Every structure is written in C-alpha cells, then in structure tokens.
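The structure presented is a predicted model; accordingly, all values stated were derived computationally and were not measured. Just so it is clear: chains get the letters A, B, ... in the order the sequence lines come, proteins before strands, and each one is counted from 1.
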There are 2 protein chains.
Amino acid sequence: MVGDCIEMLRSLPPASVHAIFADPPYNLQLRGELRRPDDSLVDAVDDAWDRFDDFAAYDAFTREWLTEARRVLRKDGTLWVIGAYHNVFRLGATVQDLGFWILNDVIWRKANPMPNFRGRRFTNAHETLIWAARGPESKYRFNYAAMKALNDDLQMRSDWFIPLCTGAERLRDVKGVKVHPTQKPEALLHRVIMACTAPGEVVLDPFLGSGTTAAVAKRLGRRFIGIEREPIYAEAAKQRLAAIEPIGESAAQTLPSKREQPRIPFGVLVERGLVPAGSRLYDRARRYEALVGADGTLRCGTATGSIHKVGAAVQDAPSCNGWAFWHVLGRDGRLRVIDEFRTEIAGGV
Amino acid sequence: MVGDCIEMLRSLPPASVHAIFADPPYNLQLRGELRRPDDSLVDAVDDAWDRFDDFAAYDAFTREWLTEARRVLRKDGTLWVIGAYHNVFRLGATVQDLGFWILNDVIWRKANPMPNFRGRRFTNAHETLIWAARGPESKYRFNYAAMKALNDDLQMRSDWFIPLCTGAERLRDVKGVKVHPTQKPEALLHRVIMACTAPGEVVLDPFLGSGTTAAVAKRLGRRFIGIEREPIYAEAAKQRLAAIEPIGESAAQTLPSKREQPRIPFGVLVERGLVPAGSRLYDRARRYEALVGADGTLRCGTATGSIHKVGAAVQDAPSCNGWAFWHVLGRDGRLRVIDEFRTEIAGGV
DNA sequence: CGGGACTATGAATCTGGGG
DNA sequence: GCCCCAGATTCATAGTCCC
C-alpha cells in the first residue's frame with residue numbers, strides 16, 4: 001500500500017495480522033512540517049522547551065501509529081520495533097504505555113559499522129530491536145526449537161551479529177546511488193520472521209521502505225502487508241518483490257518443538273502392550289520401582305497416579321516429567337526411557 | 001553516605017562531580033517462582049527496593065533522582081545509567097526529557113547469562129548502559145586513545161563483552177550467601193571510569209549497592225561519593241573499600257578480558273544466503289541428499305535436525321561432524337564442503 | 001597433582017490446553 | 001475465567017570431590 005502509515009493502518013481490519021515489524025523514522029515529517037535534523041540544533045541557548053516540543057511531537061506520532069498497530073495485531077501476535085539511541089527509548093516507553101508486554105530487547109550487532117570519525121564517542125556498532133506481545137497474557141508464538149537449531153543447538157541469545165546490508169543485496173539506482181538510506185539486511189528479517197511466524201501467516205510492515213520485510217516474508221512463504229508513503233521507495237520495493245521466488249514449503253517450516261507435537265497419553269502405551277499392565281518401571285538410578293496399572297497409572301509405595309505424579313511423589317519434588325524419569329528394564333539389563341516409546345507411535349493416536 | 005538517594009543528592013553542591021554511574025532499581029515484575037529444568041529454584045530479585053506500584057510511580061522516582069543528579073553534575077561531566085528492558089526505555093526517555101544529551105547507548109554482552117529455562121524467549125544476554133552529557137553543548141571528556149588501546153588499537157565499539165560478577169569477586173557473607181543480588185563486575189566499571197574521567201576527578205554513584213563503583217574508582221585513583229540506603233549494603237561496601245589499594249598513577253592496567261570464540265552456527269550461512277534455505281546438500285559420495293530448512297536444519301528422509309544430527313542419522317552413526325560431511329553442488333558439478341563457507345564470514349558471530 | 005564427574009548458580013517480567 | 005494437571009525446559013563458569 002502506498003500512503004500515510006496511520007491512515008493505511010486504520011483501513012485494516014482489527015486483529016488481523018500475526019506479526020508487525022516496524023522501522024520508524026526518527027527525523028520524520030509530521031503533518032507536512034519538516035523537522036530539523038539533530039545536527040541543525042546550532043542554537044547555543046539551552047532551550048529546554050524547544051527540545052521538549054520535538055520530543056512531544058515525536059512521542060505523539062509514535063503513540064498514534066502504535067495504537068493502530070496494536071488494534072490490527074492479533075491477540076497472539078507480536079510486534080517488533082527497531083531503533084537507535086535517538087529514538088528507541090521513547091519507542092520502548094510508548095510500547096509499554098500502550099499495554100504491549102515486552103518479551104526481549106534484541107541487539108543487532110553490526111559486523112561492519114561506520115567508525116566514529118571524530119573520536120568523540122564509541123563506535124555506534126549496534127541497533128536495538130524491541131520484541132513485544134500484545135499484552136501480558138498473550139499466547140504468542142515463539143519458534144524456540146527453530147531458533148535453537150539456527151544457533152547450532154544452543155539457545156538463541158538476545159545479541160545478534162549480522163553484517164550491514166551491502167553488495168548485491170543493496171538496492172541502487174542506475175547511477176549506483178543507494179535507493180534507501182537505511183535498507184535493513186535480509187538476514188535480520190530472516191531471523192525475526194522465523195522466530196515468531198509460521199508459513200502462511202501475515203506479516204505487516206508499516207514503514208516498508210525498500211521492502212526488506214516483504215521480500216523475506218515472500219521468500220519464506222509468509223503473507224505480507226507493506227505500507228510506504230514515498231512512491232519512490234514503494235516502487236523500488238515492488239520491483240524487488242517481483243524477482244523473489246518463495247522457497248519450498250518444506251524448507252520454510254520451522255522445526256516443531258515438542259509442545260506442538262501430538263500428545264500421546266501414557267495409557268496408550270499400556271493399551272497397545274508396548275508397556276504392558278503389570279510390568280515395572282524404574283528411574284535411571286534404579287532407586288525406585290513402580291507397578292504399571294491397566295489404566296495407565298503407576299503404583300510405587302503409597303503413591304498412585306500418573307507417571308508424572310508418582311515421579312514427583314517419590315522424589316518429593318514439586319513436579320516431574322514422567323516421560324523422562326521412568327525407564328523400562330530390557331532383557332539385556334539395560335534401561336530404556338519410556339519417552340522413546342512415544343516417538344515410535346507418533347504416526348497416530 | 002548512608003541514606004535516601006534523593007535526599008543525599010540534595011545535600012551535595014551543584015556542578016561538583018565529573019561523572020555519575022547509576023544502577024537504579026529495575027522494577028522487575030515477577031509473577032511466580034521459577035525453576036530450572038532440574039527443579040532447583042531460581043533465586044529471584046524480590047527485594048522491597050525493586051517494587052513500584054506502576055510505571056507512573058517508577059517514572060516519577062526516575063525523574064526526581066535524575067533531576068538532582070543533573071544539578072550535581074558539572075557542565076562538562078557525563079552520566080551513565082544501566083538498565084534492562086524492563087526499565088531502560090523509561091530511563092532513557094527521562095534522561096532525554098531532562099535535557100541530558102545521549103552520546104551512546106552501550107551494550108554489556110554477558111559472557112555467561114542465565115538461560116531462558118522455559119524456552120519462551122531469547123536468552124536475556126545483555127544489559128544496556130546509557131552514556132549522556134549534561135547537555136548538547138557540553139565539552140565532555142572522552143578518553144578516546146585509552147579506549148582504543150584497551151581494544152587492541154581498534155576503536156572501542158558500543159558492545160562490550162564482559163563476564164558476570166562471580167567467583168572471588170562476588171561478595172558473600174559468612175554463610176556463603178551473596179551479599180547483593182545484582183553486584184556489577186569490576187571490569188564493567190573499569191571501562192566506564194577509564195572512558196570518561198581523569199585521575200583525581202570525582203565519581204558519584206547514587207545507588208552504590210555493594211560498592212563496585214567506589215572500589216574501581218579508588219583503585220584507579222579517582223575520588224568517589226557513594227550513596228546507599230540499605231545499611232547492610234553500605235557496610236559491605238565500606239569493608240570492601242578498606243581492602244582496596246590504588247594502583248600507581250602510571251600503572252598501565254590491562255584488563256584480563258576474555259577473548260570471545262568466533263563460533264559460526266550453520267544457521268547463519270542460511271540466513272545470509274550463502275547456503276540458501278530450500279537448497280540441497282550432499283555427502284561426498286552423493287549417496288544422501290538433504291534439504292536445507294530456513295531455520296538451519298536439514299531434512300533427509302525422516303531425519304530432521306542440525307547438520308550434525310542428520311549426518312549421524314543417515315549414516316546410522318552415533319555422531320558426525322556435519323561441517324565436513326555435507327557438501328554443496330556447484331554449477332560446474334563439483335562438490336564443495338560447507339566448512340569452506342565458514343571461513344568466508346569475517347569477524348565472528 | 002591432574003582430570004573427570006558432579007553440583008551450584010546468575011537482574012527472569014519464563015506454559016498451555018481442556019474441562 | 002478459573003482450576004487442574006500434563007509435561008516441556010538450561011548455558012557458562014566456578015567449585016568440590018574422588019580416583
């Protein structure tokens with residue numbers, strides 16, 4: 001969509017998108033007035049009013065588009081906002097004020113940042129992303145297993161090391177001039193979209209710019225909505241998108257976590273004779289021995305109940321994952337954890 | 001000084017300190033107990049000093065102490081504030097509202113953060129520091145050369161990799177219980193104080209806690225003022241300080257900073273398009289063919305998982321180095337082992 | 001004394017589905 | 001909306017103990 005971000009957002013139905021990625025401008029034009037860029041503040045007078053005015057206008061704009069974004073976001077959807085120290089604190093505070101629930105702040109560590117030429121500050125080598133659910137109680141999606149897989153089977157951390165967008169990926173006009181001043185790298189959006197969406201879900205970018213969000217969403221088999229006010233950027237994004245081929249559906253899937261897999265009650269193993277009623281289960285150290293009941297319950301001393309309940313009871317622990325705690329004793333004398341039987345019949349229940 | 005931060009600040013003369021380091025309460029909002037997967041209980045920060053009724057109360061408190069801090073700060077002085085996503089956006093916005101001029105936000109990347117035990121978010125692996133001058137026109141001190149020297153003659157970046165405060169540095173009582181829940185590492189304060197002060201200048205910490213700021217300031221030959229409300233913490237800091245010897249003025253203190261391992265997950269090659277999602281990998285004999293998923297996993301027959309796990313599964317082997325096992329098929333029909341792509345990535349991850 | 005096994009712990013807004 | 005309960009979930013260090 002080409003047009004003003006807030007107007008376009010208002011035209012979208014409520015609770016309709018699964019994820020929002022927003023890269024708002026920080027020296028933006030408000031209602032036709034051109035705001036001064038930061039370095040034009042040459043006035044030596046320490047004029048606090050003036051500064052407050054600027055911040056207030058920016059905050060009002062932020063509040064307005066974030067309010068609409070929240071309306072458009074599904075209950076279980078999440079919001080990503082990216083910014084730098086000039087604006088990210090105000091963004092984050094407004095995100096919280098509007099009722100979003102921050103899940104993480106994520107640091108994009110730039111592999112190749114621009115050095116600080118005057119030697120008066122630290123090299124500004126990162127930007128900050130805020131990841132938030134619609135509210136504190138939201139059942140948001142987080143593709144934990146996929147993120148872990150993406151990071152060589154270690155939990156993904158909140159600091160991401162990703163190069164700037166350069167080379168062939170950077171959109172340039174016929175003269176070789178870059179089309180957009182702050183084109184985001186596709187690798188960044190790849191991680192964002194893989195983290196919190198499934199194939200076919202809808203990703204919205206209210207400040208589309210050169211179209212990185214839409215490009216990555218399309219390639220990963222997600223649907224997308226992009227809003228951009230400047231026709232030049234919108235046209236560049238359109239052309240860019242036309243050349244993108246989605247990867248196959250299988251490759252676009254996120255590794256399902258155990259929680260998403262079909263649940264198999266222990267009783268099914270008993271019914272099918274994989275763990276027969278009347279047989280015995282043991283913990284790893286063979287300190288405890290439990291009798292398998294025909295109804296899928298265990299008995300161990302005075303404790304009776306589910307594999308989890310009895311596992312917790314014998315250990316005097318608050319809870320226990322019985323699938324990982326209990327074992328079957330094989331004929332070779334080796335213990336086999338009962339969780340393995342579940343995967344054997346994962347085909348159907 | 002032992003006493004309320006705001007009252008004590010009011011008692012200090014205006015424009016009298018060169019640098020302020022502040023680690024205010026984070027206003028964590030924890031809802032219940034949290035257990036590790038092994039059922040052990042996480043020791044939460046549930047102290048009364050960290051509880052506020054709502055954002056408005058926290059903001060009012062922030063505004064009050066920052067106002068006094070600004071009054072006490074010299075015109076050429078700078079302010080450091082540290083926080084996490086719970087509070088840092090509100091802190092930063094207030095810093096700006098009061099007229100401070102943000103110079104950098106700096107990321108403390110934790111070498112050994114606590115994992116996310118429930119797998120519902122990214123590992124919270126960093127905290128944010130805000131570095132600000134008193135105003136836009138301030139002639140603040142930045143020891144550029146010292147920072148560059150501290151960083152192997154490269155400009156110091158805005159992301160700092162520093163371990164948590166553990167081991168002998170961590171203050172403990174006679175029972176071995178940590179004295180303060182959030183003691184900051186001396187390495188962090190070393191860099192802060194070295195960056196923006198000269199020997200003999202005054203460093204103020206309005207939330208002294210266990211006294212890290214004062215300890216490092218004393219060792220580096222800076223004068224210091226510490227304010228702490230809790231007598232227990234104040235007493236611990238006092239004892240800690242008594243044992244500190246200032247280093248000689250000419251001493252070239254080098255940090256025992258640990259080099260970080262440039263580990264490159266396979267998923268990064270996928271994100272960056274070096275091995276695109278949806279493409280195929282082969283073993284050397286081309287007996288097996290695997291599909292590359294967008295999350296950096298492979299799919300080959302029924303096997304799904306990391307390059308190592310799938311490599312092991314197809315060979316029916318206990319383990320496998322996927323970097324050496326899998327290859328990309330080039331246009332010339334030649335196989336290229338994926339390990340070669342790792343070396344193409346500059347820097348680290 | 002070295003190495004391996006085992007344990008402890010760190011600013012944490014840490015579950016979800018069915019009845 | 002509330003209650004109940006199945007069951008999913010951890011990484012880097014430092015310290016201790018034992019062989």
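For the P atoms, the distance linking dA12(D) with dC14(C) amounts to 23 Å, nearest Å. Between dG15(D) and dA11(C), the distance separating the two C1' atoms is 23 Å to the nearest Å. With C1' as the reference atom, dT7(C) and dT10(D) are 14 Å apart, rounded to whole Å.
Dashed line: the shortest gap from a side-chain N or O of Arg118(B) to OP1 or OP2 of dT15(C) is under 4.0 Å. Contact annotation: Lys258(A) side-chain N/O to dG7(D) OP1/OP2 distance is not under 4.0 Å. In terms of phosphate contacts, Tyr140(A) brings no side-chain nitrogen or oxygen within less than 4.0 Å of OP1 or OP2 of dG16(C). Remark: Lys148(A) is in phosphate contact with dT10(D), judged by side-chain N or O atoms under 4.0 Å from OP1 or OP2. At the phosphate of dC14(C), OP1 or OP2 sits under 4.0 Å from a side-chain N or O atom of Arg31(B). Within the 4.0 Å cut-off from OP1 or OP2 of dA6(D), at least one side-chain nitrogen or oxygen of Ser306(A) is found. Between His308(A) and dA6(D), a side-chain N or O to OP1/OP2 separation shorter than 4.0 Å is absent. A close approach under 4.0 Å does occur between a side-chain nitrogen or oxygen of Arg342(A) and OP1 or OP2 of dA8(D).
If you check the side chains of Ser138(A) and Trp101(A), you find no donor sitting under 3.5 Å from an acceptor. Looking at His126(A) and Ser158(B), their side chains do bring a donor and an acceptor atom within 3.5 Å of each other. Side-chain contact check for Glu186(B) and Thr212(B): no donor-acceptor pair (N or O, by modelled atom type) lies under 3.5 Å. The closest side-chain donor-acceptor pair between Tyr85(A) and Asn104(B), if any, does not fall under 3.5 angstrom.
Comparing Pro25(B) and Asn116(B) by the nucleotide of DNA chain C that holds the closest heavy atom to each, the one mapping nearer the 5' end is Pro25(B). Along DNA chain D, the nucleotide closest to Arg259(A) and the one closest to Gln155(A) are compared, and the more 5′ of them pairs with Arg259(A). In terms of position on DNA chain D, the residue among Phe117(B) and Ala168(B) whose nearest nucleotide sits closer to the 5' end is Phe117(B). Mapping Asp38(B) and His86(B) onto DNA chain C by nearest heavy atom places Asp38(B) at the nucleotide closer to the 5' end.
Base contact: Pro113(B) has a heavy atom under 4.0 Å from a base atom. Within the 4.0 angstrom heavy-atom criterion, no nucleotide atom of any strand lies near Asp76(A).
The base of dA14(D) lies outside donor-acceptor range of the side chain of Asn112(B), with no N or O pair under 3.5 Å. With hydrogens and angles ignored, no donor-acceptor pair closer than 3.5 Å exists between the side chain of Lys110(B) and the base of dA11(C). Contact of Arg263(A) with dG18(C) (side chain to base): no donor-acceptor pair of N or O atoms is detected under 3.5 Å.
Under the Watson-Crick or G-U wobble criterion, with both distances below 3.5 Å, dA8(D) has no partner in any strand shown. With a cut-off of 3.5 Å on both pairing distances, the Watson-Crick or G-U wobble partner of dC6(C) is dG15(D). Figure legend. dC3(D) is base-paired to dG18(C); pairs are counted as Watson-Crick or G-U wobble with both atom distances under 3.5 Å.
In summary, Arg342(A) and Glu340(A) do not engage in a salt bridge, as defined by a charged side-chain N under 4.0 Å from a carboxylate O.
The aromatic rings of Phe266(B) and Trp323(B) sit perpendicular to each other, their planes meeting at more than 60°, with 30° as the lower class boundary.
Rounded to an integer number of Å, the gap from Leu164(B) CG to dA14(D) C1' is 12 Å.
Listed nucleotides dA12(C), dA11(C), dA12(D) differ in distance to Leu154(A); the shortest reach to its side chain belongs to dA12(D).
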